[in-house]
Amino acid sequence: MTDDNTLLEGDSKTYTRTFTNEEVQQFANLSKDEGYHHLAENEDGQIVLHGLLTATMPTKLGGDIDFLARTMEFEFPRPAHTGVEITCEATYESVEEHDDRTELAVSFVCETEHGDVVLRGRSEGVIMG
């Protein structure tokens, strides 16, 4: 994005965070996805994140620009764990300006501090106005 908030093809935004065991437990309670692998700590005290909890990272980046998703595709090549920093990078693949909206296609990848890709995907949608 340029200084005047114009979205350009090829631009990217990043968001980095580390999820906690408590957040995974809260998400399990909210989603009712209470699979054992999301509730039990491993020998390092970590819990496997829900895929859709990890997917809140690209949706956060979309929310930053008021993006309304029409479609979302996710691939989870490896599990993500609590206590490990994850960085999500979203790249604007196509930007089409119209009078009342901007149509976007966005690709994203989430990678751990160790270089493991835990989520990749794509979304198409609009920014109204």
Side-chain angles (χ1 to χ4, degrees):
M1 202 177 313
T2 62
D3 290 338
D4 65 356
N5 292 330
T6 301
L7 300 172
L8 299 174
E9 286 183 19
D11 281 356
S12 63
K13 301 278 272 182
T14 61
Y15 172 57
T16 300
R17 68 159 300 166
T18 303
F19 290 95
T20 67
N21 289 2
E22 180 181 4
E23 289 168 326
V24 172
Q25 291 166 347
Q26 290 171 344
F27 192 83
N29 291 338
L30 180 65
S31 67
K32 303 301 183 207
D33 179 354
E34 298 173 337
Y36 181 76
H37 56 288
H38 293 310
L39 302 177
E41 294 181 10
N42 66 16
E43 62 277 355
D44 296 323
Q46 298 171 314
I47 298 175
V48 174
L49 272 64
H50 297 77
L52 290 180
L53 180 56
T54 308
T56 64
M57 295 185 71
T59 63
K60 183 265 189 231
L61 289 170
D64 288 349
I65 60 170
D66 292 324
F67 178 72
L68 299 170
R70 289 185 182 145
T71 65
M72 298 183 90
E73 299 172 15
F74 301 113
E75 177 188 355
F76 304 95
R78 297 185 63 124
H81 295 88
T82 56
V84 176
E85 186 176 87
I86 301 170
T87 298
C88 182
E89 181 176 22
T91 302
Y92 308 127
E93 301 294 337
S94 70
V95 179
E96 295 181 25
E97 299 281 344
H98 300 274
D99 290 339
D100 61 342
R101 70 193 183 287
T102 301
E103 295 185 10
L104 292 177
V106 182
S107 64
F108 46 86
V109 62
C110 296
E111 190 173 301
T112 70
E113 62 191 72
H114 309 295
D116 296 324
V117 174
V118 295
L119 170 64
R120 70 170 61 95
R122 178 175 167 76
S123 183
E124 294 182 1
V126 299
I127 299 171
M128 300 304 293

Rounded to the nearest 0.5 Å, how far apart are CG of D11 and OG1 of T6? 9.5 Å

Nearest heavy atoms of H98 and E96, plus distance in Å: CD2-O, 3.4 Å

Looking at CG of L52 and CG of L119, how far apart are the two atoms once the value is rounded to the nearest 0.5 Å? 9.5 Å

Okay, side chain of T102, backbone of E97: is any donor-acceptor separation there less than 3.5 Å? no

What heavy-atom pair brings L68 and M128 nearest, and what distance separates the two atoms? CD1-CG, 3.9 Å

Quick one: are F19 and M57 in side-chain contact, heavy atoms under 4.5 Å? yes

With the side chain counted from C-beta on, respond yes when V106 and P58 share a heavy-atom pair under 4.5 Å apart, and no when they do not. no

ILVMFWY network linking V118 to F76, side-chain heavy atoms under 4.5 angstrom: yes

Picking from L61, T56, I86, what satisfies side chain to side chain contact (heavy atoms under 4.5 Å, CB included) with Y15?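 Of all the options given, the one that passes is L61.
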
Does some side-chain heavy atom of L8 sit less than 4.5 Å from a side-chain heavy atom of V95? no

Under 30°, 30 to 60°, or over 60°: which ring-plane class applies to F108 and F74, parallel, tilted or perpendicular? tilted

Examine distances only and state if a side-chain atom of E113 and a backbone atom of E85 form a donor-acceptor pair shorter than 3.5 Å. yes

Quick one, V84 and D116 - any side-chain contact, counting heavy atoms below 4.5 Å? no

Side chains of I65 and Y92: does their closest heavy-atom pair fall under 4.5 Å? yes

Other cluster members, Y36 - Ile/Leu/Val/Met/Phe/Trp/Tyr, side-chain contacts below 4.5 Å: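 Members alongside Y36: none; it stands by itself.
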
Please walk me through it: do T16 and T87 pass side chain to side chain donor-acceptor pair (under 3.5 Å)? CA-CA 4 Å; T16 300; T87 298; 2.8 Å; yes

With no hydrogens and no angle check, is any side-chain donor or acceptor of H50 less than 3.5 Å from a backbone partner on D33?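 Between the backbone of D33 and the side chain of H50 there is a qualifying donor-acceptor contact (under 3.5 Å).
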
So which of E93, E89, R122 actually passes side chain to side chain donor-acceptor pair (under 3.5 Å) with S107?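 For S107, the side chain to side chain donor-acceptor pair (under 3.5 Å) test succeeds with only one of E93, E89, R122, which is E93.
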
Just to verify, which of V48, N42, L49 counts as forming a side chain to side chain contact (heavy atoms under 4.5 Å, CB included) with Q46? N42

Just so I know, are the side chains of M72 and T59 near enough to count as touching, which here means a heavy-atom distance under 4.5 Å?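 Of all side-chain heavy-atom pairs linking T59 with M72, at least one is under 4.5 Å.
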
Should Q25 and I47 count as side-chain neighbours, where that means a heavy-atom distance under 4.5 Å?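 Side chain of Q25 against side chain of I47, heavy atoms only: contact under 4.5 Å found.
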
Please report the interatomic distance CZ(R78) to OG1(T54), rounded to the nearest 0.5 Å. 13.5 Å

Value rounded to 0.5 Å, distance of CD in E103 from CD1 in I127: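 E103 CD to I127 CD1: 11.0 Å, rounded to 0.5 Å.
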
R17, CZ atom: more than 12 neighbouring heavy atoms under 6.0 Å: yes

For H38 versus V24, what's the shortest heavy-atom pair and its separation?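 Result for this residue pair: O-CG1, 3.3 Å.
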
With distance as the sole test, does N21 use its side chain to make a donor-acceptor pair with the main-chain N or O of G45 at under 3.5 Å? yes

Are the charged groups of E75 and R120 less than 4.0 angstrom apart, N to O?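 Looking at E75 and R120, the cut-off is met.
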
Is it true that atom CD of E34 has more than 12 heavy atoms of other residues, nucleotides or ligands lying nearer than 6.0 Å? yes

